[in-house]
Amino acid sequence: MSYDFKDLAAFHGVMVFCEQRQGELMPTDFELVSEARKLANDLGTEVIGCVLGGKCDGMPHDIAGYGADKVIVCEDPRLEKYTTDAYAEVICNVVREYKPEILLFGATNIGRDLAPRCAARLHTGLTADCTSLNVDTEKYIQFLRENSTIDVDKAKWNYEDKGLKMTRPAFGGHLMATIICPRFRPQMSTVRPGVMKKAEFDEAKAAAVKVEKFNVVLDDAQLKTQVVEIIKESKKLVDLIGADVIVSVGQGIGSNVEEGIRLAQELADILGGVLGASRAVVDAGWVTADHQVGQTGKTVHPKLYIALGISGAIQHKAGMQDSENVIAVNKNPDAPIFEAATYGIVGDLFKVLPLMIEAAKEAKK
């Protein structure tokens with residue numbers, strides 16, 4: 001199989017590794033395919049989904065509905081349960097055969113394990129935990145204009161450059177770094193779940209999908225691990241990404257942490273939502289990391305986001321700015337969080353929050 005990672009002209013298409021667990025595709029797959037469709041449209045190329053498993057019946061239809069033109073199906077009993085060795089071998093063989101110019105993975109536990117191993121075998125670069133992807137320079141400039149302090153109008157740009165511009169948090173989320181891979185292919189990145197918006201499902205697109213079965217070749221002698229049993233952890237983690245209502249707390253609860261969290265949780269329960277938090281709250285150990293919203297936490301898109309005592313650092317705003325409605329409560333009238341708020345309340349959260357709770361109770365009667 002001829003494969004030269006430096007022959008840039010030989011690579012075409014945007015490929016997405018579509019992760020499945022126990023026969024079900026992950027929500028991140030649909031976000032990635034939707035984003036891949038945008039990139040492919042800018043490049044004038046196709047979107048290729050790639051799914052591995054024991055049996056993948058029905059999966060190509062679902063993947064195509066969000067924008068894939070073609071789905072590569074890799075079926076083998078040894079792929080039913082994820083193992084690093086088997087999946088890395090098959091993915092790399094698929095890439096050598098189809099030569100995509102871009103290869104995307106979800107930044108899930110599996111994606112974070114699999115992507116770097118594939119990148120090393122394919123002799124290319126990998127940008128991990130991306131929050132923005134662009135190939136069109138004008139769209140990238142607009143992204144910088146909205147999300148950075150760079151004077152883009154004074155910078156020099158190569159508008160012919162169609163290389164993938166992969167942006168991710170750096171230095172603990174205090175900076176945003178854009179990374180490129182100009183000399184090798186494919187250009188690879190893992191993308192944080194919840195960052196990219198899922199497109200509307202297109203049944204016509206799903207029905208027209210082209211499915212190609214890939215000949216899986218695995219040598220049992222190369223497979224160093226075997227999954228004997230999968231035991232799901234009983235601990236229930238907070239589903240921030242799927243929540244319609246999030247009530248988040250910040251350093252403003254510091255004068256009475258226990259009471260602040262109790263009140264915020266009560267409001268979240270009344271509204272049918274979940275408790276979120278800023279990074280400062282998580283770093284202080286007041287709540288666990290699964291509650292964190294922001295560039296180094298979860299990127300969320302709820303219908304209602306309530307920010308209590310959160311100043312609104314750029315890292316936090318980046319994680320919640322696409323919320324449909326934002327209510328911010330802060331004693332500081334100049335707090336940056338008000339810039340992202342639909343409604344702002346200047347006041348002590350310990351006085352405002354009980355009133356919000358009573359109003360929510362009355363509204364539910």
Angle class for the Y98/F214 ring planes (parallel below 30°, perpendicular above 60°, tilted otherwise)? tilted

Counting neighbours of [atom1] on [X] that are heavy atoms of other residues, nucleotides or ligands and sit closer than 6.0 Å, is the number greater than 12?
X: Q142; atom1: CD; answer: yes
X: E89; atom1: CD; answer: yes
X: E200; atom1: CD; answer: no

For a 4.5 angstrom cut-off between non-hydrogen side-chain atoms, does [X] reach [Y]?
X: Q20; Y: M59; value: yes
X: H12; Y: E46; value: no
X: L52; Y: F17; value: yes
X: C50; Y: V16; value: no
X: V329; Y: L353; value: no

Transitively linked via ILVMFWY side-chain contacts under 4.5 Å: [X] with [Y]?
X: M320; Y: L304; value: no
X: V287; Y: I246; value: no
X: I141; Y: L43; value: no

Salt bridge check, [Y] against [X]: does any charged N sit closer than 4.0 Å to a carboxylate O?
X: D42; Y: K139; answer: yes
X: D7; Y: R185; answer: no
X: R21; Y: E19; answer: yes
X: E266; Y: R262; answer: yes
X: D85; Y: R117; answer: no
X: K298; Y: D290; answer: no
X: K162; Y: E160; answer: no
X: E75; Y: K213; answer: yes

Of all heavy-atom pairs between L79 and Y87, which one has the smallest distance, and what is that distance?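 Reported closest heavy-atom pair: O-OH, 2.8 Å.
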
Applying salt bridge (charged side-chain N to carboxylate O under 4.0 Å, His left out), can you list everything that pairs with K351, at least two apart in sequence or on another chain? none

Report the residues that fulfil ring-ring contact (aromatic ring centres under 6.0 Å, His included) with Y343, sequence neighbours left out, ordered by chain and then residue number. none

From [X] atom [atom1] to [Y] atom [atom2], the distance as rounded to the nearest 0.5 Å:
X: K303; Y: D244; atom1: NZ; atom2: CG; answer: 4.5 Å
X: S34; Y: D202; atom1: OG; atom2: CG; answer: 11.0 Å
X: K165; Y: I179; atom1: NZ; atom2: CD1; answer: 14.0 Å
X: I110; Y: T190; atom1: CD1; atom2: OG1; answer: 13.5 Å
X: I261; Y: H291; atom1: CD1; atom2: NE2; answer: 8.5 Å
X: T28; Y: L32; atom1: OG1; atom2: CG; answer: 6.5 Å

Qualifying ring pair (Phe, Tyr, Trp, His ring centres under 6.0 Å) pairs, either residue in residues 19-73, two or more places apart: F30-Y66, H61-F201, Y66-F201

Do the side chain of T108 and the main chain of G111 share a donor and acceptor less than 3.5 angstrom apart?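 Here the side-chain-to-backbone pair exists.
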
